[in-house]
Amino acid sequence: AEVVRKAPLTDEKVAFAWRFAVGPALDKATTVRLASDGTLHVSAESSAWLDAVYASIGLIRSRLAHVLGEDSVKQIACRTTR
């Protein structure tokens, strides 16, 4: 994680950290984008997937901080795409 954390913050790095934080099923069901203000925008077609994100938000934030650094993700905003 330390090697990844030191790399520049790119869309690919955020996608990797998200996959690490949530696992393959939730990763496949969602898309993420990190805005310049530190907001991680999470989108999914079904609100059930977003419910899974909300249910594990503490663990997700902790895992993201471990890979991206403590101050990279300031908040997480979720929305359905339908």
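We use all heavy atoms of the structure for the numbers below, so side chains are in, but hydrogens, waters and symmetry mates are not. Quantities reported herein were computed from a predicted structural model and do not represent experimental measurements.
We find the CG-OG distance between L64 and S72 to be 9.0 Å, quoted to the nearest 0.5 Å. Summarising the geometry, atom CG belonging to L26 is positioned 8.5 Å from atom CG belonging to L50; distances are rounded to the nearest 0.5 Å. Separation of atoms OG (S47) and OH (Y54) is listed at 10.0 Å; rounding is to 0.5 Å. For the atom pair CZ of F20 and CG of L68, the computed distance is 10.5 Å after rounding to the nearest 0.5 Å. With rounding to the nearest 0.5 angstrom, the CH2 atom of W49 is 10.5 Å from the CG atom of D27.
For the 3.5 Å distance criterion, the side chains of W18 and T30 qualify, holding a donor opposite an acceptor.
Between R63 and A21, the shortest heavy-atom contact is NH1-O, 3.0 Å. Here the closest non-hydrogen pair linking A29 and A44 is O-CB, 3.5 Å. Closest heavy-atom contact between P8 and K13: O-CD, 3.3 Å. Of all heavy-atom pairs between K74 and R61, the closest is O-NH2, 3.3 Å.
Identified under the salt bridge (charged side-chain N to carboxylate O under 4.0 Å, His left out) test for residues 31-47, with sequence neighbours left out: E45-R82.
S56 places no side-chain N or O within 3.5 Å of a backbone atom of L59 that could act as its donor or acceptor partner. Using a distance-only test at 3.5 Å, with no hydrogens or angles considered, a donor-acceptor pair links the side chain of R5 to the main chain of H66.
In the displayed structure, K28 atom NZ is contacted under 6.0 Å by at most 12 heavy atoms of other residues, nucleotides or ligands.
Under a hydrophobic-cluster definition in which Ile, Leu, Val, Met, Phe, Trp and Tyr are linked whenever side-chain heavy atoms come within less than 4.5 Å, directly or via other members, L9 and L40 are assigned to the same cluster.
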Derivation and outcome, side chain to side chain contact (heavy atoms under 4.5 Å, CB included), residues L34 and T39: CA-CA 6 Å; L34 184 62; T39 301; 5.9 Å; no
